[in-house]
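In what follows, a single structure is set out as structure tokens and then discussed.
Just the heavy atoms: all of them, side chains too, but no hydrogens, waters or symmetry mates, feed the values below. It should be emphasised that the depicted structure is a prediction, and the values quoted were computed from it without experimental measurement.
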Amino acid sequence: MPEKPYDHAKIELKWYQRWQNADFYRAEENSAKPKFYVLEMLPYPSGTLHIGHIRNYSIGDALARYKWMRGFNVLHPMGWDAFGLPAENAAIANRQPPRQWTLQNIQAMKKTHRRFAFSYDWDREVSTCEPEYYRWNQWFFLKMLERGLAYRKKALVNWCPKCATVLANEQVVEGCCWRHEDTPVEQRALEQWFLKITAYADQLLADMRQLEDGWPERVLIMQRNWIGRSEGAEIDFTLAGTDQKIRVFTTRVDTIYGATCVILAPEHPLNAQLLDPAGQARAKAMVDARAGRDPGDIEKEGFFSGSYAVNPYSDENVPIWVGNFVLMGYGTGAIMAVPAHDERDFEFCRKYSIAIRPVIRPVGGELGVEPGLTVAFTEDGIVEHTGDWSGLTSEEARDKMAAHARVNGFGDAAVTFRIKDWGISRQRYWGTPIPVIYCPACGLVAVPEDQLPVRLPDRVEITGAGRSPLENVPEFVNVACPKCGGAARRETDTMDTFIDSSWYFYRYCDPHNDKAPFDPAKIAYWFEIDQYIGGVEHAILHLIYSRFFTKVMRDIGLIRNSEPVRRLFTQGMVIAEGAKMSKSKGNVVGADLLAEKYGADTARMFVLFAAPPEKEVDWRWEGADGIYRFLGRVYRFATRRIGTAAPEAGAADRQVLRKLHQCLQKITEDFESRWHFNTCIASIMELVNVLYAEEENIGSAVLNDVLVKLALMLAPFAPYLAQEIWEELGHDGPVFRQQWPAYDPELAKPEEAEIVVQVNGKLRSRVYAPFGTPQDALEKLALADPKTQQSIAAKQIVRIIAVPDKLVNIVVK
RNA sequence: GCGGAUGUGGCGAAAUUGGCAGACGCGCUGGAUUUAGGUUCCAGUUCCCGCAAGGGAGUGUAGGUUCAAGUCCUAUCAUCCGCACCA
């Protein structure tokens, strides 16, 4: 058959049209096959897919197709994280309703998705902005409300003046808004809804043990730090002259005899009582000055409150200070300062000339002497000047002193977490309405389940002004109280969109259910997710919230699994010609342009080829040229050999078969373990290079075998081309529904082992011997080699090391 | 400051178990095909010396272990990422 040019546009259009109504990506409901749930993180519908998305989906798609070919029942769904701020910003900018803008974007992106032929089961598509979806957000919220996991409190919250909304603590990056990195966050007091994720802090931490073999270590480390479990003790100091307690948290009770003051956070409730109006004003000023600042940049400041506290161990009176470095949100909002053994306390007390009293000496060393200390000794040691506990090690002292506090009723051992409850209220329109009603008579009333969903009204004016846009929609706000029927108001805040993405992967298992979020039996079949793939930027928020939701759902009795994701893969970023892609730089590599210029196969394959998937990839157009050339080489070879007469056997048959099976082995093993698709593709290139070099020496039997398997092994990476070759070979049906070809390790092996001959560790020659040749025979063989003899001439042989099938090293003097 | 990762040709990278450093690709050089450009095919391409045969050096830097180190150990430098007054 004459060679055909590689016309990617023609090939891809042909199969795009034929695959329009294909259903071979549909997951089976009742299947005897083993299941495999592969998931890529759902995108925000910004309107365009870029090369970063393509990388994410290409990894997942290759895996999904491979698993299908290995006989699995694969669930590979896709959806849209469709609520969120950009839709409102767009509405303000071009007067287009958020819903319309979002649906348009989804349409456009879905078209691109189809163009790339990613293997999604589109019947299961989920869009989080649809009432069919978000009603279950509301339902989960009500369940949490019932269980006391959702609550309301007035709190200082992060307020971004640009977004005009509240930010979760996690959305504050270095004191600034995560979307507007140059906008400092302000503090405002608002009534907010919170989810009690702290109730699960211990479980979230403990269950990470189940994830250790399936999740990247660094993600687990980040989560562990985020949860921030810290063991110590809570101790009550007493306000001098009263019975009033001031509770502090410390990890170092063993140093408490060195406490020379107690320091309160500026927001500490006791300040209202202790401070005069001037002092309260100073405390307020501290709070404001701290808002949105990088804590490292703020100098420690404080002032004496005028009152004293009694150390319950020593009965000593110490001054109570107010300090800007003490955080209300951590521990009890009050600390005991032990300047001799804590760097921060040291800095503070030096500055204000507060006493410094060493009580811990290094093991085998001397107790520090004051005045004259220049640094705090923060390590464990031997406790001194500490009553009956003197002479104990720090560790012993901590245990015994905490027990003492418990027995005497002024404290106990305690555990504190860094993680805070999840503030979910947003003063925004484009999100899930929070299903509660405020009734003047009945107070806070949950919307009854049978009245869900609380629908987002369509006609809303979005101005970007501070209050929630829903406040201005009387038909939304004004409602009859479900309890008493009287006039009442709806909650106008909407939910954080991280709620949407915390459970969407469950909905994929039963996306059209209108009686429940899903049928538990379906979850029992599909869960856990076997492989989740996405960016490391979601290492903390999305993935911790998802784990939290899973545990709550389990406790409600909906599901049985405690963790949603068995294996997580975090792919590296794609940057463009050395720079991070961003709209403002205008260097975003769009997926449509890629498909236009090279075709989907080339774009996919390049991002897989450029680097291993966990690493960053630099998109370079010339690099893509290389893949395009390679696919052309494959196609031209296939078309010119198919149907071309050749003898049954050829001189290069064994060599070609060896390369083929080496290649198959490599790819198979990589899919099962480390996913270095870059070297998999390199290996296919090597095979094709051999086919070119030996084209005339390949017999027809081997040739047909190689072409069939070449199409099969290209199927996960370049499905269009693989399918086209599959058809040229005379086969029907989708190539990626064929069985994955098995490799034969015997065929993959070379006929003889190549033995490297070194002299003093330097390569001097190589000899060949059958596999398994014993060491002494190898030595003889090496010594008999003329090149080796030349290298060791006139030298004395000291030692010979022979490694079977590998090398001989001759040590000479 | 704490934690983690990464340093290999002009570039992206490979070397999975301590055993041939640089597979594969880009770029570049040369040749063939072509009226020409492009395409395609073939060859070369770590650096230094050499016409060549050949030799020497070489995986951020300095040491160490070993017959043998990109790989293991110690120190150090650089870059990137995460966390950062968490008591």
Do the side-chain N or O atoms of [X] get closer than 4.0 angstrom to the phosphate oxygens (OP1, OP2) of [N]?
X        : N      : result
A:Arg764 : B:rG54 : no
A:Lys762 : B:rA57 : yes
A:Asn689 : B:rG25 : yes
A:Arg799 : B:rC67 : yes
A:Arg640 : B:rU40 : no
A:Thr416 : B:rA87 : no
A:Arg620 : B:rG27 : no
A:Asn678 : B:rA14 : yes
A:Arg418 : B:rC83 : no
A:Lys615 : B:rU6  : no

For [N] versus [M], give the span between their [atom1] atoms, rounded off to a whole number of Å.
N      : M      : atom1 : answer
B:rA57 : B:rA69 : P     : 13 Å
B:rU65 : B:rC49 : P     : 34 Å
B:rA43 : B:rG50 : P     : 28 Å
B:rC47 : B:rU29 : P     : 15 Å
B:rG25 : B:rA14 : C1'   : 11 Å
B:rU45 : B:rA84 : C1'   : 49 Å
B:rG70 : B:rG18 : C1'   : 11 Å
B:rA23 : B:rU59 : C1'   : 16 Å

Seminar exercise, completed: Taking for A:Phe417 and for A:Ser683 the nucleotide of RNA chain B with the nearest heavy atom, the one nearer the 5' end belongs to A:Ser683
Exercise. Of all the choices, B:rG27, B:rC42, B:rG25, which nucleotide is nearest to the side chain of A:Arg629 once you look at every atom?
Worked result: B:rG27
For this session: Ignoring the backbone of A:Ile801, work out which of B:rA87, B:rC41, B:rC67 is nearest its side chain.
Result: B:rC67
Exercise. Is there a side-chain contact between A:Asn311 and A:Ile256, using heavy atoms and a 4.5 Å cut-off?
Worked result: yes
For this session: State, yes or no, whether a side-chain contact exists between A:Val757 and A:Arg766 at a heavy-atom distance under 4.5 Å.
Result: no
So that I know where these two stand, are [X] and [Y] an aromatic pair - ring centroids less than 6.0 Å apart?
X        : Y        : answer
A:Phe498 : A:Trp422 : no
A:Phe671 : A:Phe717 : yes
A:Phe417 : A:Tyr330 : no

Problem set entry | Selection: residues 319-327 of chain A, any non-hydrogen atom under 4.0 Å of RNA chain B | A:Phe325, A:Val326, A:Leu327
Would you kindly give the [atom1]-to-[atom2] distance between [X] and [N], to the nearest whole Å?
X        : N      : atom1 : atom2 : value
A:Gln790 : B:rA53 : CD    : C1'   : 10 Å
A:Tyr692 : B:rU40 : OH    : P     : 9 Å
A:Phe606 : B:rC24 : CZ    : P     : 18 Å
A:Leu631 : B:rU40 : CG    : C1'   : 16 Å
A:Ile263 : B:rC85 : CD1   : P     : 15 Å
A:Met286 : B:rC85 : CE    : C1'   : 14 Å
A:Glu267 : B:rC85 : CD    : C1'   : 13 Å

Mind checking [X] for me? I need base, sugar-phosphate or nothing, with any heavy atom below 4.0 Å counting as a touch.
X        : value
A:Pro5   : nothing
A:Val803 : base
A:Arg636 : sugar-phosphate
A:Glu217 : nothing
A:Glu754 : base
A:Phe609 : base
A:Asn225 : nothing
A:Gly626 : sugar-phosphate

Does a salt bridge link [X] with [Y], judged by any charged N lying under 4.0 Å from a carboxylate O?
X        : Y        : answer
A:Asp785 : A:Lys787 : no
A:Asp380 : A:Arg252 : yes
A:Arg629 : A:Asp625 : no
A:Arg229 : A:Asp202 : yes
A:Glu754 : A:Lys806 : no

Exercise. Using a distance-only test with no angle check, is there a side-chain donor-acceptor pair under 3.5 angstrom linking A:Arg547 and A:Gln223?
Worked result: yes
For this session: Test side-chain hydrogen bond (donor to acceptor under 3.5 Å, both in side chains) on A:His8 and A:Tyr635 and set out the steps.
Result: CA-CA 10 Å; A:His8 73 270; A:Tyr635 185 68; over 6 Å; no
For [N], which nucleotide in any strand shown is its Watson-Crick or wobble partner with both distances under 3.5 Å?
N      : value
B:rA62 : B:rU74
B:rC80 : B:rG4
B:rG19 : B:rC67
B:rG30 : B:rC42
B:rG9  : none
B:rC47 : B:rG56

Set out, line by line, the N/O atom pairs under 3.5 Å between protein and nucleotides 43-46 of chain B.
none

For this session: Report yes or no: is the cationic atom of A:Arg418 (NZ for Lys, CZ for Arg) under 6.0 Å from the centre of the six-membered ring of A:Trp226, at an angle within 45° of the ring normal?
Result: yes
For this session: Quickly, which of A:Glu3, A:Glu695, A:Glu694 forms a salt bridge (Lys or Arg N to Asp or Glu O under 4.0 Å) with A:Arg641? Name it, please.
Result: A:Glu695
Problem set entry | Anti/syn call for B:rG9, syn if |chi| within 90° | syn
Exercise. Once the angle between the rings of A:Phe637 and A:Tyr692 is folded into 0 to 90°, is it parallel (under 30°), tilted (30 to 60°) or perpendicular (over 60°)?
Worked result: tilted
Exercise. Would a distance-only check, ignoring hydrogens and angles, find a side-chain to backbone donor-acceptor pair under 3.5 Å from A:Arg357 to A:Tyr257?
Worked result: yes
Seminar exercise, completed: Going 5' to 3' through nucleotides 32-38 of chain B and flagging B where a protein heavy-atom sits under 4.0 Å of the base, S where only the sugar-phosphate is that close, and - otherwise, we get -------
